[in-house]
**Q** 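Below is one structure. I have some questions about it.
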Amino acid sequence: MRNRNLAWWAVSLLALAAAPACGDDDSTPDSGDADVTEDTTLPEDGDADTPPDVEPDVEPDVEPDVTDTPADDGTTVTTTLEGVVWGYYYTELTTPPLGLAWGSGATVSTVGLATEVTATAGSAGEFALEGLPVGRQIMLRATGLDGYHNGLSRLFAVEEGEVEFLALPTRDLVTRVAAPEVWNVTVDAAKGLVAGLICTWNPTADPPVTGFVGDATVSITPAVTGADYKLIYFDSSAVANTGRTGTDPAQSLFFAVNLPPRDAADPYELTVTATGHTFPTIRFAVEADAMTYLLIKAD
């Protein structure tokens, strides 16, 4: 990843998120989807390939708790973490009505270090956090964009070559989508949002997202039972349709609205189920009035 342009990667991910999938045997492209050029969906990565005859009841991997990895001389190994911040806004010019804006100027900070590391996103939303201890479990927080909700990443162990993406929606977008004529959700500012994209992803491919995963379902633990909680599988051909019971093969997105906050010390866990694929178990925190973004890689 170090030798690639991060902004290019973000554009590739977003363009694919707005078009029918290619290269995924489990995805059935929808020829009726509109071509979205500047717009996309709210976009984590996974593990190594799993043999095709894996038993369906095999427990998914859970990213372990780890401590800093010491070097041979006893000092902690550090690395630079790169990533991209982008934002989404409402537009009536495209279908679905999601426009892309680079997260230029956003403040990106680690959460989980004794001394947190901070960077400012560049003109294309790119950032680099230097001197992070390899092996330490952290998450990232993006703030500082006027009119946008704050953003959080998944919880993850810092690794060499790690790349993280954060997506921040505008308040106007959330208000419009939550309206009675669309999702009919009353957004509680004391709770949080989650957006996830489930896809096959080869980091050596060009572009890296090779396809979407249709008919995938997600489960969040502990279960969220509030009357205002809503889990929505995005319908790329009818945004107002909240009746899907699994992901759309043409755009395998899901959204969870009004999750009670939980911090990194006691996170939520999310599992994904889809025929023919295995997935890592994702751990994530939720903050009030913020959106946690999860890019989930299928094996």
Side-chain angles (χ1 to χ4, degrees), residues 1-10 12-13 43-50 59-86 103 106-122 124-144 150-167 199 201-206 208-209 262-270 278-285 287 292-299:
M1 180 64 195
R2 260 337 134 68
N3 61 356
R4 288 180 177 270
N5 182 291
L6 284 172
W8 176 90
W9 269 64
S12 300
L13 289 170
E44 200 85 33
D45 66 63
D47 299 319
D49 293 340
T50 300
E59 290 295 327
D61 293 334
V62 179
E63 195 170 85
D65 291 327
V66 293
T67 56
D68 300 349
T69 301
D72 291 341
D73 61 2
T75 60
T76 299
V77 177
T78 62
T79 189
T80 297
L81 173 69
E82 297 178 335
V84 177
V85 181
W86 61 80
T107 298
V108 181
S109 302
T110 59
V111 180
L113 301 179
T115 301
E116 305 294 2
V117 180
T118 299
T120 300
E126 77 283 4
F127 64 87
L129 298 165
E130 299 180 352
L132 304 191
V134 173
R136 178 64 65 87
Q137 285 276 339
I138 66 169
M139 67 179 184
L140 302 181
R141 178 187 291 122
T143 63
N150 292 340
L152 298 177
S153 75
R154 62 178 179 137
L155 282 160
F156 62 96
V158 176
E159 299 176 2
E160 295 282 352
E162 190 74 47
V163 180
E164 287 298 319
F165 298 91
L166 294 101
C199 58
W201 185 16
N202 178 359
T204 65
D206 184 3
V209 173
R262 296 182 74 92
D263 62 26
D266 185 25
Y268 288 101
E269 288 191 351
L270 181 141
T278 59
F279 303 86
T281 294
I282 306 299
R283 301 191 308 145
F284 64 95
E287 293 182 355
T292 303
Y293 170 61
L294 307 174
L295 178 60
I296 304 171
K297 181 184 178 184
D299 288 337

**Q** For E116, check side chain to side chain donor-acceptor pair (under 3.5 Å) against everything at least two apart and list the hits.
**A** T110
**Q** For A285, check side chain to side chain contact (heavy atoms under 4.5 Å, CB included) against everything at least two apart and list the hits.
**A** M139
**Q** Going from CG on L152 to CZ on F284, what distance comes out if it is rounded to the nearest 0.5 angstrom?
**A** 10.5 Å
**Q** To the nearest 0.5 Å, what is the distance between CD (E82) and CD (E130)?
**A** 9.5 Å
**Q** So, T281 versus E269: side-chain donor-acceptor pair below 3.5 Å or not?
**A** no
**Q** So, for G135 and A157, which heavy atoms are closest and what is the spacing to 0.1 Å?
**A** O-CB, 4.2 Å
**Q** Can you see which heavy atom on V158 is nearest to which on P133, and at what distance?
**A** CB-O, 3.5 Å
**Q** Say you draw a straight line from CD of E162 to CZ of F156; how long is it, rounded to the nearest 0.5 Å?
**A** 5.5 Å
**Q** What is the minimum heavy-atom distance between G151 and L166, and which atoms define it?
**A** O-CD2, 3.8 Å
**Q** Would you name the heavy atoms of A106 and V85 that are closest together and state the gap between them?
**A** CB-CG1, 4.2 Å
**Q** Name the residue from L113, V117, V111 that meets the side chain to side chain contact (heavy atoms under 4.5 Å, CB included) definition with I138.
**A** L113
**Q** Testing T78, T80, T79 one by one against E160 for a side chain to side chain donor-acceptor pair (under 3.5 Å), which residue passes?
**A** T79
**Q** If you round to the nearest 0.5 Å, how far is OG1 of T118 from CZ of R141?
**A** 10.0 Å
**Q** Hey, could you give me the OH/OG1 distance between Y268 and T292, rounded to the nearest 0.5 Å?
**A** 9.5 Å
**Q** Of all heavy-atom pairs between G144 and N150, which one has the smallest distance, and what is that distance?
**A** N-OD1, 4.2 Å
**Q** Would you name the heavy atoms of E164 and S153 that are closest together and state the gap between them?
**A** OE1-CB, 4.0 Å
